[in-house]
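Only heavy atoms go into these numbers, but all of them, side chains included; no hydrogens, no water, no symmetry mates.
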Amino acid sequence: MKRLRLFVYILAILGLYACNKDKFLDKKPSSDMLIPKSLADYQALLDNTNIMMFTGGLAELSSDDYVVSDVNYMGVSDVVQRNAYVWSKDIYDGVVDIKDWNVIYKQVFYANAVLEGLEKHTEANSPNGKYLKGWALFVRAHAFYDLVRSFCKPYDVASANNDLGIPLRLKAGIDEILPRATLQQSFERIFSDLANAEDLLPSSRPSLNLNRPSKIALYALLARIYLDMRNYERAEFYADKCLDLYSTLIDYKTISKTSTTPFSTTNDELIYNTSTIASYSQFVGTSVNSRGKVPAELIALYEPNDLRLAVYFDKAADNTYTRKRGYIGAGTYPFTGLATDEIHLIKAECLARRDQIGSAMGKLNELLIKRWDANATTPARPFINIVAHNSSEALSIVLQERRKELIWRCLRWQDLKRFNKEGSNITLSRRVNGQNYQLTPNDPRWVFPIPDDEILSSGIEQNIR
């Protein structure tokens with residue numbers, strides 16, 4: 001891990017150099033020439049979207065959001081994509097530099113470098129200094145959470161003090177090797193960072209730079225985290241705080257049905273922009289060239305007047321569907337950031353879970369009417385509010401709409417783990433080249449292995465597969 005940390009440090013300096021080239025060029029070379037010192041330098045580190053705007057992609061790669069034909073499966077040489085698709089015990093098969101781990105820890109390094117620099121900076125207590133501290137704390141919490149949801153068991157209050165968490169790197173030094181904290185300690189650090197960031201971040205949503213967090217993003221992230229933890233009371237609390245500040249939904253009638261990039265990088269539902277790491281485009285890339293296809297049974301869930309069918313998917317000549325570019329509005333990797341549609345769905349689910357049937361359906365209908373075009377069929381079909389007769393039916397309806405709305409957003413894998421902790425007993429199945437593969441609810445393969453080179457260099461404990 002020492003070699004990795006040294007590499008991370010070099011990348012951080014080079015990234016800052018690229019962002020602030022003129023400033024760091026100096027006629028007289030010196031040992032500290034490239035070390036960030038000013039608030040502008042720290043902002044340049046946090047604004048390095050080549051590092052900071054990514055989350056892991058193994059969760060999407062292993063989910064049931066897509067299917068791959070035998071021909072397309074065999075046509076991909078990348079063993080990580082192939083192995084993750086069938087939930088192999090050894091996903092990496094000798095491949096090193098797994099970005100789901102390394103890129104996310106680079107984000108932690110950047111955040112720690114900023115936090116350490118600010119500790120002794122004369123302008124640390126200025127408005128901009130406080131904002132940069134909040135930003136760095138948010139980034140570190142966001143990165144820790146992304147690592148936890150990939151490389152740790154789903155949270156269970158009964159076992160979290162014994163379950164393995166992640167190494168909690170809180171310093172920018174390159175020599176420290178840490179063991180894995182417990183899962184409880186990992187979540188406590190995430191919540192501590194977000195609590196410390198809350199008063200330092202602005203209440204307004206940035207109109208252009210959506211890689212920069214706000215209180216809105218912080219509350220949205222907390223709502224997502226608590227939902228994953230099955231703490232529905234806290235999830236609803238933070239969903240409310242988020243929506244109180246920003247709740248805009250887009251009327252999909254205003255969105256192109258034919259463009260392969262229907263959304264802009266600053267569309268009105270976005271709260272915080274991230275996408276999966278640039279590694280797995282062959283199976284889960286958001287382009288017509290992706291080998292991953294949307295399952296036919298999922299396509300069948302969309303009614304003819306549901307605009308999500310045309311806005312989200314491209315239909316090929318063979319009647320299969322691929323996912324268009326999502327809310328990220330650029331690139332070919334799934335959007336994994338925070339957006340208002342997800343928060344509306346979290347609120348609706350939490351209402352349904354506490355038997356507020358009418359309110360749950362009301363919140364859901366607020367979203368669905370924005371996805372409906374009465375004139376998409378002849379005769380026209382006006383939107384009719386969905387009604388549920390009991391809490392079980394309400395929850396089922398909300399979860400189906402969550403499935404339809406948030407496809408290829410790297411949320412399905414976490415949902416499946418959560419549902420199985422609730423007792424849903426969902427088993428995933430694949431059939432590839434005549435061979436059947438299954439992932440049962442209690443299988444340890446729901447937790448991804450830590451990369452082999454990390455285990456070799458740091459000696460931290462590996463996950464059971």
Side-chain angles (χ1 to χ4, degrees), residues 60 63-69 248-264 267-270 284-329 334-335 339-345 347-349 352 357-358 360-389 393-409 411-412 415:
E60 188 60 35
S63 78
D64 60 350
D65 271 351
Y66 74 107
V67 292
V68 176
S69 69
T248 301
L249 292 171
I250 300 170
D251 187 339
Y252 273 20
K253 291 193 293 295
T254 67
I255 301 297
S256 171
K257 317 306 179 294
T258 57
S259 173
T260 57
T261 308
F263 297 100
S264 75
N267 79 72
D268 288 344
E269 287 190 11
L270 288 175
V284 292
T286 53
S287 77
V288 293
N289 297 318
S290 174
R291 290 170 169 83
K293 305 293 184 179
V294 183
E297 60 270 22
L298 184 53
I299 292 294
L301 295 177
Y302 299 90
E303 297 185 53
N305 299 81
D306 191 333
L307 291 170
R308 291 174 295 189
L309 183 62
V311 170
Y312 287 177
F313 309 114
D314 261 321
K315 186 177 182 180
D318 62 359
N319 291 323
T320 61
Y321 288 81
T322 55
R323 183 71 161 88
K324 294 180 183 179
R325 291 188 179 98
Y327 283 0
I328 198 68
F335 170 76
T340 55
D341 60 341
E342 179 189 351
I343 308 306
H344 276 81
L345 286 162
K347 173 64 174 177
E349 179 179 342
I357 301 167
M361 293 298 95
K363 178 57 66 174
L364 182 64
N365 286 320
E366 285 180 26
L367 172 71
L368 296 183
I369 195 170
K370 299 289 188 178
R371 276 46 175 159
W372 191 266
D373 183 3
N375 296 315
T377 58
T378 304
R381 291 182 60 201
F383 180 79
I384 299 175
N385 284 332
I386 295 176
V387 176
H389 300 93
E393 184 183 10
L395 180 60
S396 178
I397 292 169
V398 171
L399 294 182
Q400 178 164 287
E401 293 303 327
R402 179 178 173 87
R403 180 82 176 101
K404 292 157 64 179
E405 179 76 16
L406 305 179
I407 180 173
W408 277 14
R409 300 261 288 263
L411 294 169
R412 175 64 173 171
D415 280 347

Under 3.5 Å, sequence neighbours excluded: what are the donor-acceptor pairs made by side chains of residues 290-299?
unit_1 : atom_1 : unit_2 : atom_2 : d
Ser290 : OG     : Phe283 : O      : 3.3
Ser290 : OG     : Gly285 : O      : 3.2
Ser290 : OG     : Gly292 : N      : 3.1

Supply the atom-to-atom distance [X] [atom1] to [Y] [atom2], rounded to the nearest 0.5 angstrom.
| X | Y | atom1 | atom2 | value |
| --- | --- | --- | --- | --- |
| Asp306 | Phe383 | CG | CZ | 9.5 Å |
| Thr254 | Lys370 | OG1 | NZ | 9.0 Å |
| Asp415 | Leu406 | CG | CG | 7.5 Å |
| Leu270 | Ile250 | CG | CD1 | 7.0 Å |
| Leu307 | Tyr252 | CG | OH | 9.5 Å |
| Glu405 | Leu345 | CD | CG | 6.0 Å |

Excluding sequence neighbours, so at least two apart, what forms side chain to side chain donor-acceptor pair (under 3.5 Å) with Arg323?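 If we apply the side chain to side chain donor-acceptor pair (under 3.5 Å) test to Arg323, skipping adjacent residues, there are no hits.
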If the condition is side chain to side chain donor-acceptor pair (under 3.5 Å), which residues does Lys404 pass it with, not counting sequence neighbours?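 So Lys404 forms a side chain to side chain donor-acceptor pair (under 3.5 Å) with Glu401.
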Measure from the side-chain N and O atoms of [X] to the backbone N and O of [Y], and report whether any donor-acceptor pair falls under 3.5 Å.
| X | Y | result |
| --- | --- | --- |
| Trp408 | Thr322 | no |
| Asn305 | Pro382 | no |
| Lys324 | Ser259 | yes |
| Ser63 | Glu60 | yes |

For [X] and [Y], which heavy atoms make the closest approach, and how far apart are they?
| X | Y | answer |
| --- | --- | --- |
| Pro304 | Ala376 | O-CB, 4.0 Å |
| Pro262 | Val311 | CG-O, 3.5 Å |
| Ala360 | Ala348 | CB-O, 3.5 Å |
| Lys257 | Lys253 | NZ-O, 3.5 Å |

Please determine if Arg308 and Asp341 form a salt bridge, counting it only when a charged side-chain N lies under 4.0 Å from a carboxylate O.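 Result for this pair is no, no salt bridge flagged.
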Option from Leu368, Val387, Asn385, Ile397 for which side-chain contact (heavy atoms from CB on, under 4.5 Å) with Met361 holds: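 Only one of Leu368, Val387, Asn385, Ile397 forms a side-chain contact (heavy atoms from CB on, under 4.5 Å) with Met361, namely Ile397.
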Is there a salt bridge (charged side-chain N to carboxylate O under 4.0 Å, His left out) between Arg403 and Asp64? Walk through the geometry before answering. CA-CA 11 Å; Arg403 180 82 176 101; Asp64 60 350; 3.5 Å; yes
Taking the inter-plane angle between the rings of Tyr312 and Phe263 on a 0 to 90° scale, is it parallel (under 30°), tilted (30 to 60°) or perpendicular (over 60°)?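 Rings of Tyr312 and Phe263: tilted, as their planes differ by 30° to 60°.
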Parallel, tilted or perpendicular for Phe335 and Tyr327, by the 30°/60° rule?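 Geometry flag for Tyr327 against Phe335: tilted rings.
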